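Both counts, for ligands and for their atoms, begin at 1 and track the order of listing. Computed over heavy atoms, backbone and side chain alike; hydrogens, waters and symmetry mates excluded. Predicted model only: the values in this text are computed from it and were never measured.
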Amino acid sequence: MRPLIVIGNWKMNGSLASNQDWIKTVARGMESGMPSGRKFVVCPPFPYLSQCATLIKEHSLAFLGLGAQDASAHISGAFTGEVAAAMLKEMGCSYVIVGHSERRQMHQETDEVVAAKALQVLDAGMTPVICVGETADERNSGRAEEVVCGQVAKQVFVLQDRLADCLIAYEPVWAIGTGKVASAQIAQDMHRVIRLQLTEFNGDVAEHVGILYGGSVKPDNAVELFAMPDIDGGLVGGASLNPQDFLAICQA
Ligand code: PEP
């Protein structure tokens, strides 16, 4: 049985003061207990990882894991501005998002780069959260499945059985930060396609890999999305900035 996982992606938001308030509010909300069989993760910007790791420890937040929003495709060396996976592990991270559409679009990250990053994250002992998803044009021209399956295929080709230790996040680009959530059925249909694609590769891998949905997840649509058989949780951007909304989605 795959656990339900909710991952908050703060993107380039936060401050020392607001992070403290966020963790304090989430700690208070989680004190009274959370649904069992679930995992919760927060991904702050790099400079705040250490602060958030300390706050999570101080508040004994056993329910909340720490993640990063990206990692380098390289182990170490002359890569100014990049952050190695091993450094993130040292900071207390257990998860790293790779291939977010904002990085694919704004930083020209290819599927090959994304797979190289996922390998670095795995080698450092963490779980990569590999993002895939089609643009509005690709969906409107009937190519959504072809595009997403192509992205997944590249990951399968490079990662092979190690994919069992990864999470995949289906994030239709047209739904990210737009308020246009995919209907639960559209999301489920694509998750099913991805699951079947993984099954064709290796049934055991397919059973293990959690497939999260991302794209305008909010407290009022999370229940319906998470009830779908192939949706194993959510990657939440904007709504995760509000601790009450994040808690509500975690409890959905
Ligand atoms: C994201 O950043 O991965 C995301 C899904 O953002 P939002 O929830 O704001 O659409």
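Cluster partners of Y95, by chain and number: I5, I7, V41, I97, V129, L167, L212, L235. The rule joins Ile, Leu, Val, Met, Phe, Trp and Tyr whenever side-chain heavy atoms lie under 4.5 Å apart.
Relative orientation of the H191 and Y213 rings is tilted, given thresholds of 30° and 60° on the angle between their planes.
No more than 12 heavy-atom neighbours from other residues, nucleotides or ligands sit within 6.0 angstrom of NE2 on H208.
Near ligand 1, heavy-atom contacts under 4.0 Å come from N9, K11, H100, E171, A175, I176, G177, G214, G215, S216, L235, V236, G237, G238.
For residues 4-19, the salt bridge (charged side-chain N to carboxylate O under 4.0 Å, His left out) pairs, not counting sequence neighbours, are K11-E102. Under the salt bridge (charged side-chain N to carboxylate O under 4.0 Å, His left out) criterion, the residue pairs touching residues 120-146 are D123-R162, E134-R139, R143-E146, with sequence neighbours excluded.
Screening F46, W22, Y48, F246 for a ring-ring contact (aromatic ring centres under 6.0 Å, His included) with W10, the sole residue that qualifies is W22.
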